[in-house]
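Chain A is the first sequence line, chain B the second, and so forth, proteins listed ahead of strands; every chain is numbered from 1.
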Number of protein chains: 2
Amino acid sequence: MKKVTMADVAKLADVSKSTVSQYLNKRYEYMSEETRKRIAMAIKELGYQPNIIARSLKQKTTMTIGVVVFNIMHMLTTQVLHAIEEECQERGFHVIVSNSDDDPEKEKKYIEMLRAKQVDGLIIFPTGKNADIYQKLLEERFPLVFVDRMVPEVKADAVLLDNQKAAELAVEYFAERGYEHIGIVTPPLVSHIVPRMERIEGFRQALVKKGLPVVDDYFITTEIPRIQKELTRLYESGRLPEALFAINDLTLMEVLYFIKGNHINTPDELAIISIDDVPFAHVYTPTLTTISQPTFAMGKKAAERLFLQIAKKSEHQPQVFRFSPTFIERGSVKEKTS
Amino acid sequence: MKKVTMADVAKLADVSKSTVSQYLNKRYEYMSEETRKRIAMAIKELGYQPNIIARSLKQKTTMTIGVVVFNIMHMLTTQVLHAIEEECQERGFHVIVSNSDDDPEKEKKYIEMLRAKQVDGLIIFPTGKNADIYQKLLEERFPLVFVDRMVPEVKADAVLLDNQKAAELAVEYFAERGYEHIGIVTPPLVSHIVPRMERIEGFRQALVKKGLPVVDDYFITTEIPRIQKELTRLYESGRLPEALFAINDLTLMEVLYFIKGNHINTPDELAIISIDDVPFAHVYTPTLTTISQPTFAMGKKAAERLFLQIAKKSEHQPQVFRFSPTFIERGSVKEKTS
DNA sequence: TTTCATTACTAAATCGATTTAGTATTTATA
DNA sequence: TATAAATACTAAATCGATTTAGTAATGAAA
């Protein structure tokens, strides 16, 4: 019942541990056919399984990466995570995921725990509030890639959406179809949450560019659980815009719930465009016009960049990758011919 | 730049490594206040972070569990995974997730890799086709819990839904509202995929119990990508039932797409009940009547059971936990008064 | 005054691999 | 024939912790 170690295999095959180790690492160069067979036999007979922990200790690599995300409930997170996992699985790496829940303290703790576990690199969907820690990782040349959000003062690899472009796509589409009163729905703006800032800024600029009014009332920037109330308030006072831009899947859900609750007709009364892929966009009534993030490509890129850093531990040139959003035209915006 | 080890801390604090180790493990009993302070100082000064790999090698525990799932795309998987992760995080454990993609070969490989990595236990959403491997784990008293599916011939802990009950709930609800022609939509039946078998068997028995006809045509049991074609075929030949029971979220999506594509009215032309929580059930039109699995409780239970096994490595009495489904009445079934 | 306990530590073994430096034998080359 | 090179291995150090057995100093009890 006790664990079989390399020493046991060595004894049975009547060779030294070193030779067994060579065998396991496929360094057959100076090994006789016969020895090789004897070791293979011994391994099979004993049902030997190497202990990767022991190997990791010596080799200082664990073939494991850590991912710290600020919210697993986001579609983006889930999808990017899948891509990362797939990319890792291909390379024989494992992934440990931790959820910081957008709490910088937790994020800090998890980064430390993962480092203590000797992960070979970190992919972080950052809270954005631990610049000192991120910076320290960089200085130690510890492999690090940011995803979704970036931290401007930390010069690390980052994989994110061209958020400005995404907002622009939405506004332009609305504008070209004759919409003038366009609102945006987003969680509260916080300076260190880059995509949020970029999306709202892109939205504002696109309005101006299209010569559309920038109405304060149409900026619904409040905590997710308060979005419905806010929208209902606007609706009841007759100041609801004709179109809404939901900046992610979570805000979209709130908008849809609001629509449902108040029997609002989409797109006639209220048109909708949102960022992120929701799985039901094409079966919903009406089908939902969305702006999709290339989550798979983003996850793949993040993993690739991390592996690049892991491979050559030195002189890595950090880069920010902006992925283009894809406009998916469906049925939640109509042609306005008023 | 090089790693700070316990030896460095010991040297700086002018004590032995043993004492530093005692300190880190909070065994302060026979340690002077002064020594304690000196060690604390040294740790801070050097920025020492313990190497958990080294500790794991000696202690033979990694504070990490492995989870092998057969399909990450399932809602159930995602949700149960979150619960497991939460439970682990509370105990300071990490989780490594692998996706077997319902391929027994991959499952086998991942189980072996995770064991080589010395995980302290495994939670498996089994393909069901590796009974010999599961059995070996059991015999070695390696902590193991099955989720969603079980493997009848392997007497391990298992956490699953009361599938028969779930099917019964659906049929009874339909029957009580005057439906007679009820269909079921499921991926192909395979004997080792227990929930599928139980759901369809429960469905059949409930029909009989309610005195309803069991019509072959109404059993749509085909690969996910072929479900729409099959439904359309039935529809065009005028043999579509009045009600459909979709046995999971993936089949539900196909049914919804079919409905959308053929402009079928729900619930008037076709009523629907499905198993699993889909996030849009309450914003869809009509709102979707579903049978929910207590995914959070299931994940929590699976983790708890695993930790129980990890705690007392011996004399563990395996148990199968059947969780009750919850019927959530919404709008995709009407009262038939024909 | 001797003996025993208690306190506050430490030296060395250990976990299970990898790796380096080295040995012994055979073969090839000068 | 002597030497160098290639082949087929092995002993021992190492990775960075934990842990066991032990030591030295002090205080208390007999």
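When all heavy atoms of B:Arg38 and B:Asp14 are compared, the pair lying nearest together is NH2-O, 3.6 Å.
Taking atom CE of B:Met6 as the reference point, atom P of C:dT14 lies 17 Å away to the nearest angstrom. Here D:dG16 presents its P atom at 13 Å from NZ of B:Lys11, a figure rounded to the nearest Å. Whole-Å rounding puts the B:Gln118 CD to C:dC15 P distance at 14 Å. As a whole-Å value, the separation of A:Leu24 CG from C:dT18 P is 6 Å. The CZ-P distance, from A:Arg27 to D:dT7, rounds to 13 Å in whole Å. Distance A:Gln59 CD to C:dA17 C1': 9 Å, rounded to the nearest Å.
Distances shorter than 4.0 Å separate none of the side-chain N or O atoms of B:Lys60 from OP1 or OP2 on D:dT18. In this model, the phosphate group of D:dT18 is approached by a side-chain N or O of B:Ser21 to a distance below 4.0 Å at OP1 or OP2. Contact annotation: A:Asn51 side-chain N/O to C:dC15 OP1/OP2 distance is not under 4.0 Å.
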>> Counting primed atoms plus P, OP1 and OP2 as sugar-phosphate and everything else as base, spell out the protein contacts along nucleotides 3-13 of chain C at 4.0 Å heavy-atom distance: B, S or - for each nucleotide, 5' to 3'.
In response: ----SBSBBB-
> Could you go step by step and tell me if A:Arg115 and B:Asn51 meet the side chain to side chain donor-acceptor pair (under 3.5 Å) rule?
Replying inline: CA-CA 8 Å; A:Arg115 291 221 52 193; B:Asn51 180 328; over 6 Å; no
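Salt-bridge formation is detected for the pair A:Glu33/A:Arg36: a Lys NZ or Arg NE/NH1/NH2 atom is positioned less than 4.0 Å from an Asp or Glu carboxylate oxygen. For B:Arg91 and B:Glu87, the salt-bridge test passes: some basic side-chain N is under 4.0 Å from an acidic carboxylate O.
In the model, A:Asn99 has no side-chain atom that pairs as donor or acceptor with a side-chain atom of B:Glu85 under 3.5 Å. B:Ser21 and B:Ser18 share no donor-acceptor pair across their side chains, judged by distance under 3.5 Å alone. Residues B:Gln79 and B:Thr295 have side chains that bring a donor and an acceptor to within less than 3.5 angstrom of each other.
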Contacts table for residues 60-73 of chain B: side-chain donor-acceptor under 3.5 angstrom, sequence neighbours left out:
| unit_1 | atom_1 | unit_2 | atom_2 | d |
| --- | --- | --- | --- | --- |
| B:Thr61 | OG1 | B:Asp120 | OD2 | 3.1 |
| B:Thr62 | OG1 | B:Gln118 | O | 2.8 |
| B:Thr62 | OG1 | B:Asp120 | OD1 | 3.4 |
| B:Thr64 | OG1 | A:Lys117 | NZ | 2.7 |
| B:Thr64 | OG1 | B:Thr62 | O | 2.9 |
| B:Asn71 | OD1 | B:Met73 | N | 2.8 |

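Other residues, nucleotides and ligands place no more than 12 heavy atoms under 6.0 Å from the CZ atom of A:Arg27.
In this structure, of C:dA17, D:dG16, D:dT18, it is D:dG16 that holds the atom nearest to the side chain of B:Leu57.
Summary of helix geometry: the two end axes of the helix from C:dT1-D:dA30 to C:dA30-D:dT1, each defined by five base pairs via their C1' atoms, are inclined to each other by 60° (rounded to 10°).
No contact: B:Tyr23 has no heavy atom under 4.0 Å from any strand.
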